[in-house]
Amino acid sequence: LMGSAYLSYQEGDTTTTELLCSSLLEHDQTHFAALHLLGIVYFQREDYTKALEYLHRAAALDASVLQLQLDLSRVYGAIGNKSESERYYK
């Protein structure tokens with residue numbers, strides 16, 4: 001399912017991406033890739049609350065992933081929280 005989620009995301013179909021990732025999370029609430037990708041989808045939709053929720057859930061599993069840190073920085077930057085944005089950018 002994750003491969004299909006990535007493919008739908010690359011094709012710009014965020015609705016299908018959301019459905020596939022949500023389905024994965026119904027079976028495994030700790031699926032890092034699904035959490036991360038959902039955070040990105042919500043960021044693109046400018047639903048920053050949900051974006052932060054899913055990105056932080058992913059970070060709780062593995063905070064060492066650089067792309068995740070950059071995505072958190074971008075979301076915090078978009079909501080005008082410069083200090084948090086800089087914290088995750090470093």
Side-chain angles (χ1 to χ4, degrees):
L1 277 180
M2 199 62 225
S4 296
Y6 280 125
L7 182 60
S8 64
Y9 176 75
Q10 289 173 344
E11 293 173 347
D13 184 358
T14 59
T15 300
T16 299
T17 304
E18 179 183 21
L19 291 172
L20 291 169
C21 288
S22 295
S23 179
L24 279 165
L25 291 170
E26 285 178 17
H27 300 287
D28 179 4
Q29 295 179 347
T30 63
H31 195 291
F32 176 85
L35 290 167
H36 189 182
L37 188 54
L38 266 179
I40 294 167
V41 166
Y42 290 128
F43 171 70
Q44 289 182 339
R45 293 179 180 172
E46 298 181 359
D47 187 341
Y48 303 126
T49 301
K50 280 188 177 181
L52 287 172
E53 173 190 344
Y54 284 94
L55 293 173
H56 277 293
R57 285 176 60 190
L61 298 171
D62 187 355
S64 69
V65 176
L66 179 59
Q67 186 60 53
L68 175 61
Q69 299 298 317
L70 294 174
D71 291 332
L72 280 163
S73 177
R74 289 179 15 191
V75 176
Y76 278 114
I79 62 173
N81 189 332
K82 185 178 178 181
S83 63
E84 284 297 299
S85 179
E86 289 173 353
R87 183 181 126 192
Y88 284 102
Y89 187 74
K90 295 181 179 192

*S22: side chain to side chain contact (heavy atoms under 4.5 Å, CB included) partners, not counting sequence neighbours*: E18, L38
*How far does CD of Q67 sit from CZ of R74, to the nearest 0.5 angstrom?*
7.0 Å
*Report yes or no: do S73 and D71 form a side-chain donor-acceptor pair below 3.5 Å?*
no
*side-chain contact (heavy atoms from CB on, under 4.5 Å) between E84 and Y89: does it pass, once the steps are laid out?*
CA-CA 9 Å; E84 284 297 299; Y89 187 74; over 6 Å; no
*Interatomic spacing from CD in Q44 to OH in Y9 - rounded to 0.5 Å*: 3.5 Å
*Would you call K50 and R45 a side-chain contact if the rule is heavy atoms closer than 4.5 Å?*
no
*asked:* Distance check, rounded to the nearest 0.5 Å: T17 atom OG1 versus M2 atom CE?
replied: 8.0 Å
*Can you get from L72 to F32 by hopping between Ile, Leu, Val, Met, Phe, Trp and Tyr side chains that sit under 4.5 Å apart?*
yes
*Does some side-chain heavy atom of L52 sit less than 4.5 Å from a side-chain heavy atom of Y42?*
no
*Which distance, rounded to the nearest 0.5 Å, do you find between the CG of L37 and the OG1 of T14?*
10.0 Å
_Atom pair CG/CG of D62 and L68 - distance to nearest 0.5 Å_ = 8.0 Å
Name every donor-acceptor pair, under 3.5 Å, that has one atom in a side chain of residues 54-61 and the other anywhere in the protein, sequence neighbours excluded.
unit_1, atom_1, unit_2, atom_2, d
H56, NE2, Y76, OH, 2.9
R57, NH2, Q29, O, 3.4

*asked:* Hydrophobic cluster membership, with links at side-chain heavy-atom distances under 4.5 Å among I/L/V/M/F/W/Y: are Y48 and I40 in one?
replied: no
*Which heavy-atom pair separates L1 from S23 by the least distance, and what is that distance?*
CD1-OG, 3.9 Å
*Please assess S83 against N81 for the test side chain to side chain donor-acceptor pair (under 3.5 Å), listing each intermediate value before the final yes or no.*
CA-CA 6 Å; S83 63; N81 189 332; 3.2 Å; yes
*asked:* Any heavy-atom pair between the side chains of T16 and L20 that's under 4.5 Å?
replied: yes
_Pairwise side-chain contact, T15 with D13, heavy-atom cut-off 4.5 Å (strictly under)_ = yes
*Please report the closest heavy-atom contact between A78 and F43, naming both atoms and the distance.*
CB-CE1, 3.9 Å
*For S8 and A5, which heavy atoms make the closest approach, and how far apart are they?*
OG-O, 2.9 Å
*Answer with yes or no whether the hydrophobic clustering places Y6 together with L24; edges join I, L, V, M, F, W, Y residues whose side-chain heavy atoms lie under 4.5 Å apart.*
yes
*Please confirm whether the backbone N or O of S64 pairs with a side-chain atom of Q69, one donor and one acceptor, at under 3.5 Å?*
no
*Is the shortest heavy-atom distance from the side chain of C21 to the side chain of V41 under 4.5 Å?*
no
